[in-house]
2 protein chains.
Amino acid sequence: MPLTEAGIYAAALRLIDEDGVEALTMRKLATELDANPMSLYHHVPNKEAVLRGVTRMVGAQFRTVTLEDAPWQERIRLLAMDFRTLAHRHPELMAYSFSHQPDFIQPDDPFWTALTAIVAAAGVPRSEVSEIAALMVAVVIGVLAAELNGSLHQWSTLKPPGPDDAEDGDGDANPDSADTASEGPDQDHMFRLVMDTLITGLESRLTGDRGGRDAGL
Amino acid sequence: MPLTEAGIYAAALRLIDEDGVEALTMRKLATELDANPMSLYHHVPNKEAVLRGVTRMVGAQFRTVTLEDAPWQERIRLLAMDFRTLAHRHPELMAYSFSHQPDFIQPDDPFWTALTAIVAAAGVPRSEVSEIAALMVAVVIGVLAAELNGSLHQWSTLKPPGPDDAEDGDGDANPDSADTASEGPDQDHMFRLVMDTLITGLESRLTGDRGGRDAGL
DNA sequence: GTCATTTTCATACAACGTACGAAACTGGTA
DNA sequence: TACCAGTTTCGTACGTTGTATGAAAATGAC
């Protein structure tokens, strides 16, 4: 099989999915493709480009159902969930991309297109659409990153630290009492919680009943 | 000067602040300390431990003014700003820590202590304090990470992509019309925006007027 | 001064990304 | 068929990295 740019990316993705980005080596990648390491360099300029290519390739796979006429809250929730699904399909790669590929979201990606459309549909003035969309991407990616590398779970099962002076009854000396067992599904919950909070916050901003803080941006 | 664990961390931090984490080398670090590379290994088990140590060291520097009796909204805003200040003091290190040191926030760190205290003071039921706090940390770190690596600025100055079918008047063919010039201070603005949105969302959740979505967690 | 312990250093190795030039393969023309 | 220009593959090699190993030097107790 004749060694293609796309083939290299696909093989790289396979290896990354198995062992993570930092275990990816040009030599291993070549072995995976039954080729000499140096052969890769005729199709790809260097390792960094491989990672960029793989990231782009995966990003291009993103698809979302665009409920054109659903309320924007529902649409944005759906979009976020779809993005999360993609992140879960290639967790190692995405965790890497989030922090090392600052431009892995392109202006013409379906994700960005859909997001800005929804934000605009929500009633955000045209000049602020990008800011609000950027804000949402940063938040969603932040939560996903924390989820993918385990931080989110760890923090959410962290005890609010020992009361240095007794506060009220019910000491509860046991550090992990109830839910240290379950692992997966509470992440879904956390993600929904973030989205709901974010959406509610946006709603307030849009309908104008600010909590007493600065007026719009 | 006799080569200490703390001294190694301090030197590493100096190098990281200058050239970033990925430019840090055990050899450079040794040179910075006028020592042989292998001498470091008597005070530190390996490079990863150096990074962990530096991260811990910086994390321990965190200080916040705890306005004990201000409204929780103000307190949490302040806490987040203090955290952001710390992140800006060592941007390279923090950007690294966010993604590579999943446990860089410890249960007894002043940051976590303050955060959970504030969340509890906001009226979040005891059993949900950790989740809400975790959520906030993930969001704040996500935004800070995006800010530190330039994503946030890039996204927020991204044009909502070209309308494929004309939507309404005012074509505005010019891609960047007004604000591509300014660079720094709009980050402050974005950060405040996120915090306000988040806080407003939490307020709604706490006062019970959910927007028609699921009841509390 | 002697000796045990701790700290420093010189050397060396495996693994990495990749520069360089030679070999092998390819398709088109005669 | 033979030839040849261009593309693709590969062998070898260099510089850099983290660090294992053991020798050398420094240090402190007696």
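This is a predicted model, so every value here is computed, not measured. Reminder, nothing fancy here: chain letters follow the sequence lines and each chain counts from 1. Basis for what follows: all heavy atoms, side chains included, without hydrogens, waters or symmetry-related copies.
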Undergrad: If I take atom CG in residue N46(A) and atom P in nucleotide dC20(C), what distance separates them, rounded to the nearest angstrom?
TA: 15 Å
Undergrad: Of the nucleotides dT11(C), dA19(C), dT17(D), which one has an atom closest to the side chain of K47(B)?
TA: dT17(D)
Undergrad: If I take atom CE in residue M38(B) and atom P in nucleotide dT6(C), what distance separates them, rounded to the nearest angstrom?
TA: 19 Å
Undergrad: I'd like to know if K28(A) and D19(A) make a salt bridge, using a cut-off of under 4.0 Å between side-chain N and carboxylate O.
TA: no
Undergrad: Tell me which one of I141(B), L93(B), N149(B) satisfies side chain to side chain contact (heavy atoms under 4.5 Å, CB included) with F98(B).
TA: I141(B)
Undergrad: The side chain of H43(A) lies closest to which of these nucleotides: dT11(C), dA19(C), dT8(D)?
TA: dT8(D)
Undergrad: For D17(A), which residues count as a side chain to side chain donor-acceptor pair (under 3.5 Å) partner, sequence neighbours excluded?
TA: H90(A)
Undergrad: Return yes if some donor-acceptor pair links the side-chain N/O of D186(A) with the main-chain N/O of H189(A) below 3.5 Å, else return no.
TA: no
Undergrad: Give a yes/no on whether any side-chain N or O of S39(A) is located under 4.0 angstrom from OP1 or OP2 of dC10(D).
TA: yes
Undergrad: From the set dT19(D), dT8(C), dT8(D), return the single nucleotide nearest to any side-chain atom of H42(A).
TA: dT8(D)
Undergrad: Nearest to the side chain of P37(B) - dT8(D), dT19(D), dA10(C)?
TA: dT19(D)
Undergrad: Looking at DNA chain C, which of residues 7-26 of chain A put a heavy atom within less than 4.0 Å of it?
TA: L24(A), T25(A), M26(A)
Undergrad: Rounded to whole Å, please give me the gap between CG in L40(B) and P in dT8(C).
TA: 9 Å
Undergrad: Whole angstrom is fine here: how far is it from CG in L3(A) over to P in dC25(C)?
TA: 15 Å
Undergrad: What's the CG-P distance between L51(B) and dG18(D), to the nearest Å?
TA: 10 Å
Undergrad: Could you tell me how far apart Y41(A) (OH) and dT12(D) (P) are, to the nearest whole angstrom?
TA: 18 Å
Undergrad: If we ignore hydrogens and angles and just use 3.5 Å, is the side chain of K47(B) paired with the main-chain N or O of T25(B) as donor and acceptor?
TA: no
Undergrad: Specify the separation, in whole Å, of atom CG of N36(A) and atom P of dG17(C).
TA: 13 Å
Undergrad: Find the distance L29(B):CG to dT17(D):P and express it as a whole number of Å.
TA: 12 Å
Undergrad: Listed by chain and number, what are the side-chain contact (heavy atoms from CB on, under 4.5 Å) partners of V124(B), not counting sequence neighbours?
TA: V119(B), E128(B), V129(B), I132(B), L206(B)
Undergrad: When you measure from the centre of the six-membered ring of F104(A), is the NZ or CZ of R56(A) closer than 6.0 Å and no more than 45° off the axis?
TA: no
Undergrad: Could you please name the option among dT8(D), dT19(D), dG11(D) that lies closest to any side-chain atom of R27(B)?
TA: dT19(D)
